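Quick notes on the structure that follows.
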Amino acid sequence: MGKALYRKHRPKKLSEVVGQEHITDTLGRALKNQTVSHAYLLTGPRGTGKTSVARILAYEVNSLPYDEEGTHMDIIEIDAASNRRIDEIRELKERVNIAPTSAKYKVYIIDEVHMLTKEAFNALLKTLEEPPEHAIFILATTESHKVPETIVSRTQRFTFKPVETNKVVNHLKSIAKAEKIVIEDGALELVAKFGEGSFRDSISLLDQVRYTSNKITLQDIQNAVGQAPEDILNNVLRNVESHNLQQIAKSLTELRTQGIQSTQIAKQLSAKIRQRLISDSSVIVTLSEVELLSDLLNISATTEPDIALEVALFKTALDKNIDPILQTMSKTQSKADISTKPKKGLSSEKKAEKESIVHDLAVSKHKELSELDETSWQEVLSAIKSKYNTLYGIARMATPRFEKDKLTLVLNFAFHLKRLEDPKNKGYIQELIAQTTGQNVSIEFLLDKHVIKQNSQQLEEEASKELNLETISNIFGSAEIVE
């Protein structure tokens with residue numbers, strides 16, 4: 001059986017540890033000056049070299065040649081995850097006073113030390129307070145916040161950091177060359193990014209794909225990690241900006257057909273959006289983009305990530321479509337407010353109609369809702385959002401129609417219709433309407449097969465010809481002015 005690459009290429013000297021020079025240089029000087037501490041605490045992300053440094057230090061402090069395959073009686077490794085009880089630590093406490101058999105120091109390496117129980121920590125603390133001269137403790141953990149301060153204060157703490165991507169890439173290139181693995185530079189960069197600063201994770205992925213093909217490509221790595229192709233992700237974002245909900249749904253379906261999970265899609269999209277927001281100072285950041293970034297980061301925590309991802313993207317696409325509409329309405333309102341002189345050939349009747357359009361738009365929503373005993377659909381949506389966020393994302397995109405004791409929600413997509421027709425979801429909406437408005441209504445869901453798409457330019461053209469309430473309502477299903 002072959003040896004894993006991350007074990008085969010594990011560093012054997014402090015000088016071979018990459019990306020942690022702030023630690024290896026300090027320890028190297030301590031060894032040279034013979035000022036080694038009796039206890040160290042190594043903290044940081046997984047795969048950054050904590051265990052390797054602990055083992056190298058244990059051998060070098062004893063002036064022994066590093067031997068990963070062999071074991072030395074005076075170098076004891078303890079996995080705290082499986083030896084976390086007080087009994088194991090009591091046994092260590094009793095044995096620690098026994099002098100080394102052949103080495104200068106007896107070194108105890110306790111990995112994942114944060115897993116120890118409270119009682120075990122207390123027992124370890126007494127040993128760290130008054131250790132024998134021949135004993136050295138090296139504690140390692142990925143979760144330093146779980147280590148009691150009383151333990152931390154009795155150690156020299158070294159914090160490992162994620163390794164920079166370019167250093168990981170260079171290290172992977174040297175391994176690939178040594179192992180005669182032919183791989184594209186772009187593929188190596190993706191391997192390094194996948195490792196997220198962890199050498200072990202990056203090298204393990206390289207080991208996984210080394211026999212994929214004679215020359216490993218970027219596509220090979222994307223397939224191995226289940227990552228979405230950049231061109232499709234770019235299409236998704238372009239379609240969000242152009243308000244094309246159908247194409248967004250089509251792209252997401254294509255990605256899922258390729259076996260790519262929605263959580264991975266959300267992760268990649270959030271990384272692209274974040275990079276755009278922070279890398280270009282000339283970019284005008286909108287609230288919609290920040291809200292989308294927040295929604296994408298929460299996709300992994302939802303029980304239905306597929307629906308949650310679609311709703312997040314659809315919501316942003318619709319929100320982005322509102323801004324130009326409001327700008328157009330604002331221009332119309334400004335012209336009506338400051339214009340005291342009618343244009344040539346413009347009848348006073350036509351002028352009066354244009355001046356009153358903003359008022360008509362502002363009250364149109366109220367008129368629509370007042371038919372249900374002055375209840376507010378926005379209040380109902382707020383109640384839905386506070387309890388069922390995913391359901392809210394779908395309901396807010398529906399066009400409500402009220403008539404006496406009946407509510408009709410008109411939807412643009414069949415899968416949204418199917419979700420709301422679910423008896424459980426329908427019951428939630430009815431219950432919250434009753435709680436919010438005091439009204440018991442029947443609910444009907446319809447699919448709008450004649451959705452009219454208009455951009456801001458088309459709306460201005462309509463307004464310049466004969467802008468009236470009926471025109472805007474036909475375009476958007478309903479009209480609303482945010483005062």
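Remember, it's a predicted structure, so these values are computed and weren't measured experimentally.
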**Study point:** Enclosure of E129 CD (heavy-atom neighbours >12, cutoff 6.0 Å)
**Key:** yes
Check your understanding: How far apart are the closest heavy atoms of I183 and A176, and which atoms are they?
Key -> CG2-CB, 4.2 Å
Practice item. Ignoring hydrogens and angles, tell me if any N or O in the side chain of N97 forms a donor-acceptor pair with the backbone of P132 under 3.5 Å. Key: no
Review point. Is the backbone N or O of P100 less than 3.5 Å from a side-chain atom of D74, with the two atoms forming a donor-acceptor pair by type?
Key: no
Review point. Roughly how far, to the nearest 0.5 Å, is the NZ atom of K250 from the CG atom of L245?
Key: 15.0 Å
Review point. Is the backbone N or O of I248 less than 3.5 Å from a side-chain atom of S251, with the two atoms forming a donor-acceptor pair by type?
Key: no
Check your understanding: Any chance NZ of K12 has more than 12 other-residue heavy atoms, nucleotides or ligands included, within less than 6.0 Å?
Key -> yes
Review point. In Å and rounded to the nearest 0.5 Å, what is the CG to CG distance from L139 to L128?
Key: 6.5 Å
Practice item. Keeping the roles fixed (side chain from H22, backbone from T159), state whether a donor-acceptor pair exists under 3.5 Å. Key: yes
**Study point:** Parallel, tilted or perpendicular: ring planes of H72 versus Y59, cut at 30 and 60 degrees
**Key:** perpendicular
Check your understanding: Taking T142 for the side chain and R46 for the main chain, is one N or O donor matched with an acceptor at less than 3.5 Å?
Key -> no
Exercise for review: Please round to the nearest 0.5 Å and tell me the distance separating atom CD1 of I203 and atom CD1 of I175.
Suggested key: 3.5 Å
**Study point:** Flag if over 12 foreign heavy atoms under 6.0 Å of CZ, R238
**Key:** yes
Practice item. For Q222, look at atom CD and say whether over 12 heavy atoms of other residues, nucleotides or ligands are found less than 6.0 Å away. Key: yes
Point to revise | Heavy-atom closest contact (A187 atom, L218 atom, distance) | key: CB-N, 3.8 Å
**Study point:** Side chain Q268, main chain A228, donor-acceptor under 3.5 Å
**Key:** yes
Review point. Would you say the side-chain atoms of Q20 pair up with the backbone N or O of K161, donor to acceptor, closer than 3.5 Å?
Key: yes
Point to revise | Side-chain donor/acceptor of N239 to backbone N/O of N244, under 3.5 Å | key: no
Check your understanding: Run the side chain to side chain donor-acceptor pair (under 3.5 Å) check on T217 and D220 step by step: do they pass?
Key -> CA-CA 5 Å; T217 64; D220 292 328; 3.1 Å; yes
Exercise for review: Looking only at non-hydrogen atoms, find the nearest pair between S262 and R256 and report the distance.
Suggested key: OG-NE, 3.2 Å
Check your understanding: Looking at CD1 of I56 and OG1 of T24, how far apart are the two atoms once the value is rounded to the nearest 0.5 Å?
Key -> 9.5 Å
Exercise for review: Would you confirm whether S37, through its side chain, and Y40, through its main-chain N or O, come within 3.5 Å as a donor-acceptor pair?
Suggested key: no
Study note, to complete from the structure: Rounded to the nearest 0.5 Å, the CG atom of L57 sits from the OG atom of S52 at a distance of 12.5 Å
Review point. Measuring from T43:OG1 to H145:NE2, what's the distance to the nearest 0.5 Å?
Key: 11.5 Å
Study note, to complete from the structure: Taking every heavy atom of R10 against every heavy atom of R55, the minimum-distance pair comes out as NH1-NH1, 2.6 Å
Check your understanding: Quick check: does any side chain N or O of N425 sit under 3.5 Å from a backbone N or O of R419, one acting as donor and the other as acceptor?
Key -> yes
Review point. Who are the ring-ring contact (aromatic ring centres under 6.0 Å, His included) partners of Y108, not counting sequence neighbours?
Key: F137
Review point. Between F121 and K146, which heavy-atom pair has the shortest distance, and what is it?
Key: CE1-O, 4.1 Å
Review point. What do you reckon, is CZ of R154 surrounded by more than 12 foreign heavy atoms closer than 6.0 Å?
Key: yes
**Study point:** Qualifying side-chain hydrogen bond (donor to acceptor under 3.5 Å, both in side chains) pairs with a residue from residues 167-190, counting only residues at least two apart or across chains
**Key:** K8-E179, H9-E179, E179-R210
Point to revise | Within 6.0 Å of NZ in K385, more than 12 heavy atoms from elsewhere | key: no
